[in-house]
Structure formats: C-alpha cells, structure tokens
Protein chains: 2
Amino acid sequence: MARVPTSKDVARIAGVSQSTVSYVMSGKRPISARTRRLVEDAMQQLTYQPHAGARALASQRTNVIGLVVPFRSEVNAHGLMAFVEEIALSARAHDHDILMVTADEGTAGLQRLAGRSLCDALVMMEISTHDVRVPVVRALGVPALLIGLPGDTTGLHCVDFDFETGATLLVDEVADLGHERACVLAWPAGFAGGDMNYVPRFRGAAEATARRRGVELSWREVPRGRENVDHVLEEVLGGGGTPPGLVCTSQLSGIVSGLQRRGLRTGADVDLLALTTDAEAEAEEVPVSGVSTQPRDVSRRAMRTLFQLLDGVPPQGAVELVPAELTRRSSSRRPPQDAAAG
Amino acid sequence: MARVPTSKDVARIAGVSQSTVSYVMSGKRPISARTRRLVEDAMQQLTYQPHAGARALASQRTNVIGLVVPFRSEVNAHGLMAFVEEIALSARAHDHDILMVTADEGTAGLQRLAGRSLCDALVMMEISTHDVRVPVVRALGVPALLIGLPGDTTGLHCVDFDFETGATLLVDEVADLGHERACVLAWPAGFAGGDMNYVPRFRGAAEATARRRGVELSWREVPRGRENVDHVLEEVLGGGGTPPGLVCTSQLSGIVSGLQRRGLRTGADVDLLALTTDAEAEAEEVPVSGVSTQPRDVSRRAMRTLFQLLDGVPPQGAVELVPAELTRRSSSRRPPQDAAAG
DNA sequence: CTGTTAGCGCGTTCAC
DNA sequence: GTGAACGCGCTAACAG
C-alpha cells in the first residue's frame, strides 16, 4: 500500500508547476504540445489519478449523482434493475458516478446527500402524488430529477412514461379487434402505497377511449394471490359468451397462469394485452402483446435532462413524457386492416 | 441556495474553536457537557453537516463502500436486488454509503474507485474461478470483500453460500424419500460465463452423497427455452416407471411449467427440490421445497467482516461459508420419520 | 479539558 | 505559456 501519487508528484516529474498539471487536466487554458506531453507522460508513469475529495473540495463539484432506489417497490424487479442500470450507464457516459441510497431512508437520505455535499444532483424514482420527499428536494435547491409525477410539479423536473397514450393505444386495439367489451385487470387498491397518479391517469384515458369507441369498459382491481386472480377471472369470464378484450396492468404472469387454468389460450380463445416491460411480456410462454413502459428509455431521458441542468442549459420543460407504442406479439389476434388503419 | 454552513460557522456561534467542533463530532477527545451542548445547539441552529470531500481529504477516509453490481447476471433479478439492498442497509448501519459501479466496467471501475480515493473498500459479487478482477483488487491493496470464491483466495476475504452442504442436503432428502434415482436439472453449460466454481462444488458434493446413499445420480444441464426444458424432461421422465427425485438449480419456473405440461403435480406425482432463494421457491403455485441460497444472509456476513477489516480487527479467516438448510414445502413429500432421523 | 497550527490534494486567481 | 500563492472545510498533532 504505497503512497498514492498526487498532482504535485506529476508536476515534479514533468518538470512543471502543479497548476500546469491542473490545466492540462481541465483544458481550461491552452497548453503547449510539449508541456502537455511531458505532463501526460508523467501521469501515465505514476498511474496518477486525482483525489476525488480534494477535487470536490476545491471545485465544489463531486461528479457524483445521488440515486434513491425503491427496493421495496411492488413493480417487478426486472424493471427496477433496468432503471438503475441505465442510470448508472448514463452517469458513466458523462464521467459521473452513482451514490445509492435506499428509498426507505426517506427524506433523511436526501438531506444527507445534499447537506454533506456527497453529490451534485439527485435522481428519485417511484414518485407518488403526495410524495413527502418532493417538498424536501424543492427546498434543498439541489438539481434533481424525478422519475414519475408528483401532484405539484412546480419548480421540478420530471420524466415519466406517457400512461395516457398507453391506455389509449391499448383500448383502441381492443376496439379494433372487434370487442364490444374491454376489461382492465388493474393494479390492486393499495398498490405502491395507493398514491401513484399513473393509475388515475391511465384509467381516465382508458375510459375516455372506450367511450369514444363505443366499448363497454370494466375496471377490475386484482389483489395478489392465486385465489384472488381466479376469483376476478371467474367474474370477468364466467358468464359465458365472448370474453371481453383483456388489458392487464400488473401481475401479468399470475393472470396468464389463471387463464391457462381456465383452459383459455391467449391469442386464440382470448385477446390479452398488457402494460408492462418488453422483457416481462416476452418472458411468457405465449409472448404478450401490449404497451411497454420502457424503463431504459425513461432513464435515459431523465439523465439527459439532468446533465443539461448540470451543464447550465436552460430547462425547456418541467415535465417530459416518454411516448407509448403498441407491440403486437402472440397473445392477441391481429386486427383487420381497415380497423388498424382507422 | 444560500451558502452551506461550515464547522467554522458552528465554532463561531458556539464560541469555541473549530477543532473543538471536530472533536465533538468524532468523540476522539473528552468534551465537557457544557461545551458539547453549546456546539450541538449551534449545529442544530445552522443545520450543519460536515462536507464529505473536506472530511475525506483530511481524514483519508470517505465512509463510502464501492459496490460492483453485475446487472447482466443470469441469476434471478430478485436475488440480485436482495444482495444489493442488504449491502446498502448494512452500510448505512455503519454510517457508510454505497457507490455503485456496473460490473461491465471491468477492472477500470475498480481502479477508478481506488485510485481516486472514492471509497474505503470494495465489494464484488459473482466472482468466477479465474476472475480477471481478482488479481487487480489484490494489487490495489484496498480492503475488499468478494461474494463468491475465486480459484485462488490467498490474500483475499470471501463469503459464499455453502453449496457443498446444500448439495448434500438435497441429495440426502431425495434418498430419504426412497428414490433409487436422482436427477439434477442443472445450470446450462455457459451459465454466467461458464466459470462459476459453485457448479463443480455443488456437483462434487451431490455425486459423493449419491454414492454414499446408493442413489443413481444423473446430471442434466438445462439450456434456456421451453423446447429445451421439454426435451430434457422427456429424456428424464419419458421412460415410464417411477420418476427420479428431481433437484433443480436454475430456471425453476420454467421447469415447473414443463412438469405441469406433462400433467405431473409436484409433491404428488413427482418430488421436486430446488436450490434457489426463498422468494423464488415460494412464488410458485405449489411452493417448492429445497435449499435457499440466502442472498441476504450472505450479504450481511460479507458486510460484517468488511467492517471488521475497516475497523482493524484481525481477520479470522479468508473464506466464510454461509450454512445451508433444507426447507420442506409442498413440492415434495415428507420423508418417513426413521429416514429423516438418519 | 480546550485552543493553535499545520497540513490533506486540488482549483484558481494573480503576477511574470 | 508558465509558476507562486491562496483557499476550499476538516482532522490531528502539539501546546497549554
């Protein structure tokens, strides 16, 4: 464990002054080719790396992004991992690192990260309508980016998936398939604390579209557990007659199993669409059609605007929605040409 | 965005010197009750928090642990999240934070974290037998803790699950159930890079136990995908007669579905045991018996010894294995009393 | 028990 | 185009 080389060592070996080394690194001043080579060679030779603490102290910038991770989230683990990985990758692409705090630290985590100057900016996910952390970040005055929409977005920067358009696409597809009835197998009542506003956003758009298309829409919350799934499916499908077009927003695999138990093949006996990630949709034995919530896209956009903020680019909008797209796989029939075109 | 208060401000308001403030915080010197109150009141009043960079510069300690996360891992996402969350929680319990780097940064990430003094120690997961990162951490001389065992553990500290005992428990259970044949539905050939030594460790112990118990053991690698699962199950179960006791080490849900497709009920028509996490085992419709790899336990032990290292406690052993336990759920019958006792 | 002082390693004015 | 000098906020010897 030999002593770590400092910029002073580099300067000595290169035969220049310490500040010259600094300018070679930052590029904030023109440096002659010869001097630059001398310095860079010295750095290589020593495998020099700047001390993060010293740099943070002098420059007031840590090159670290604080990320609040909701481990106890009810959304699927794969989706969460996708968010986090993509955020980490984006950060590295901008020469930043990620300091991770768990969401269950609540506001204390935020105050620590900001107050101790552990990071330059914050990223938070799973924002609820009345999220207690929101007023805190606002007051903190730290650059922040929220993934999800709080009720009041004033003074904030948010990125979220466009659930409204997602709902529209899904219900439109059900209508295009000729169904007179649609059923949304929806998030259970207390899902993720019961205060996620994408639920009413999705529902509002779904109902509006159903009205527009003359489709009868029923909204069924599906509690966890096999019995509950079976019970809801019995209510929805037990009456006989043509089953309604199904739109599933959570617990996809549980519902797919439930349909299997009833002897229904998705894409043949019943049309199933889902709001979920591509990965989850494709993991089912019969790949599921529907709208992807695109966690990676959302993360990328979030980080893009976050770095614009850090670079002093004037923010163009407080709220950014990632557009929804419908992907047809095998769990639903293909609509007739004319309907699809309409 | 007013100026952040410093310890100098605290000192001025408390009417003491800056170093006294420092000693109140660190407790490295006895402080009179009166002075302590003065200082703490001033801190409260200013909502003072020490500057992490400045502290790191002066103390040579960052209070940050670097964590290398293998996002692209083939092990299940839930298990990975459990590891990471538990590590984050343990870190906070010791007043440390987690700096996260992705495993695909390779050795570059390690050198950056260590070279720039971004953290005091490293935690790495998914260590393979000839992991290229291992010689690097060794050379770096940074306190490190590996979750998993490299081929050569000299000079390192490792924590892993006790796969040998796990295998023994599983095969013993199959024997206790009266089976003359056992079949391990094993990791596919190139799993996680094909160099994870828990595979041969598990296999060796499984085969030794089978020999000891007079059970005929077959080892079948199960490649991904429904067709592959079905194909292997056909080979294993197609011959008619009593099916062998099944031990599954990966792709549990795919295999459970495959058994379902063959009309076999686990726990009745066939005994199924698994090596997996409790969460995954209990997520199946018929909860699966077997041995849990205990990601949270492994993480906790890892962090415990890591902090002992950081606190200068002499390390008691280079390799620590988390003991295996068998949990009986519904996917396998209960062995007769006398056998279980044996 | 407390205050004084000298760094920690780097960024950034100034002079040259 | 370059170097000397100061400050960032905190810790830890050294005095008293």
Side-chain angles (χ1 to χ4, degrees), chain A residues 1-40 42-43 46-64 95 112 114-120, chain B residues 1-40 42-43 46-64 95 112 114-120:
Chain A
M1 278 219 240
R3 193 178 59 79
V4 179
T6 74
S7 70
K8 197 184 286 178
D9 299 320
V10 175
R12 188 166 36 71
I13 293 197
V16 300
S17 90
Q18 202 176 357
S19 65
T20 301
V21 175
S22 175
Y23 285 119
V24 167
M25 295 175 60
S26 70
K28 291 190 178 178
R29 216 153 85 164
I31 298 284
S32 73
R34 191 182 113 75
T35 307
R36 153 162 283 121
R37 257 197 63 82
L38 251 39
V39 171
E40 282 171 348
M43 286 177 165
L46 295 174
T47 64
Y48 164 79
Q49 297 195 245
H51 187 291
R55 171 170 282 186
L57 185 54
S59 68
Q60 310 280 37
R61 282 178 114 279
T62 61
N63 270 38
V64 168
D95 193 34
R112 185 161 44 83
R116 309 181 88 135
S117 299
L118 276 162
C119 62
D120 300 330
Chain B
M1 277 216 241
R3 194 177 58 78
V4 179
T6 74
S7 73
K8 197 184 286 179
D9 298 322
V10 175
R12 189 168 33 73
I13 293 196
V16 301
S17 89
Q18 202 175 355
S19 67
T20 301
V21 176
S22 175
Y23 285 118
V24 168
M25 296 175 61
S26 70
K28 292 188 178 177
R29 210 151 90 166
I31 298 285
S32 73
R34 189 183 114 77
T35 306
R36 154 162 283 121
R37 256 196 63 84
L38 252 37
V39 171
E40 282 170 348
M43 286 178 165
L46 295 173
T47 64
Y48 163 79
Q49 296 197 244
H51 187 289
R55 172 172 282 186
L57 184 56
S59 68
Q60 312 279 42
R61 282 180 113 280
T62 61
N63 270 38
V64 168
D95 193 32
R112 185 160 43 82
R116 308 182 86 133
S117 300
L118 276 161
C119 63
D120 300 331

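What you see is a predicted model; the values in this text were computed from it and never measured. Chain letters run A, B, ... following the sequence lines, proteins first, then strands; residues in each count from 1.
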Subject >> Nearest-angstrom distance from the residue atom CG of B:Leu57 to P of C:dG11 >> reply: 12 Å

Original post:
Are the side chains of A:Arg12 and A:Gln18 in touch, meaning some heavy atoms are under 4.5 Å apart?
Top reply: no

Original post:
Between OH of A:Tyr48 and CD of A:Glu40, what distance do you get to the nearest 0.5 Å?
Top reply: 13.0 Å

Original post:
For B:Gln49 and D:dG9, what is the distance between atoms CD and P respectively, to the nearest whole Å?
Top reply: 15 Å

Subject >> Within-4.5 Å side-chain heavy-atom neighbours: A:Asp120 and A:Val64 >> reply: no

Original post:
Which of the following nucleotides, C:dT2, D:dG1, C:dG9, is nearest to the side chain of B:Thr35?
Top reply: C:dT2

Original post:
So A:Thr6 and A:His51, side chain to side chain contact (heavy atoms under 4.5 Å, CB included) or not? Walk me through it.
Top reply: CA-CA 8 Å; A:Thr6 74; A:His51 187 291; over 6 Å; no

Subject >> Relative orientation of the end axes in the helix from C:dC1-D:dG16 to C:dC16-D:dG1, expressed as an angle to the nearest 10° (five pairs per end) >> reply: 40°

**OP:** Please check if atom CZ in A:Arg37 has more than 12 non-hydrogen atoms from other residues, nucleotides or ligands closer than 6.0 Å.
**Re:** no

Subject >> Rounded interatomic separation in angstrom, taking CZ from A:Arg36 and P from D:dT2 >> reply: 10 Å

**OP:** Nearest whole angstrom, please: distance from the C1' of C:dC1 to the CG of B:Leu38.
**Re:** 14 Å

Original post:
What is the distance from CZ of A:Arg37 to P of D:dG1, rounded to the nearest Å?
Top reply: 18 Å

Taking N or O atoms only and anything under 3.5 Å, show me the protein contacts with nucleotides 11-14 of chain D, one pair per line.
unit_1	atom_1	unit_2	atom_2	d
D:dT11	OP1	B:Arg55	NE	2.8
D:dT11	OP1	B:Arg55	NH2	3.2
D:dT11	OP2	B:Ser22	OG	3.0
D:dA12	OP1	B:Lys28	NZ	3.4
D:dA12	OP2	B:Lys28	NZ	3.3
D:dA12	N7	B:Tyr23	OH	3.2
D:dA13	N7	B:Tyr23	OH	3.4
D:dA13	N6	B:Tyr23	OH	3.3
D:dC14	N4	B:Arg29	NH1	3.1

Original post:
Atom CZ in B:Arg36, atom CE in B:Met43: separation rounded to 0.5 Å?
Top reply: 9.5 Å

Original post:
Is A:Asp95 reaching over with its side chain to a backbone N or O of A:Asn63, donor-acceptor style, under 3.5 angstrom?
Top reply: no

Subject >> Options D:dG9, C:dT2, D:dA4, nucleotide nearest the side-chain atoms of B:Ile31 >> reply: C:dT2

**OP:** Using modelled atom types only, decide if a donor and an acceptor are shared between the side chain of B:Thr35 and the backbone of B:Ile31 within a distance under 3.5 Å.
**Re:** no

Original post:
Can you tell me how far the CD atom of B:Gln49 sits from the CG atom of A:Leu118, to the nearest 0.5 Å?
Top reply: 9.0 Å

Original post:
Within this structure, what is the NE2-to-P distance between B:His51 and D:dC10, rounded to whole angstrom?
Top reply: 8 Å

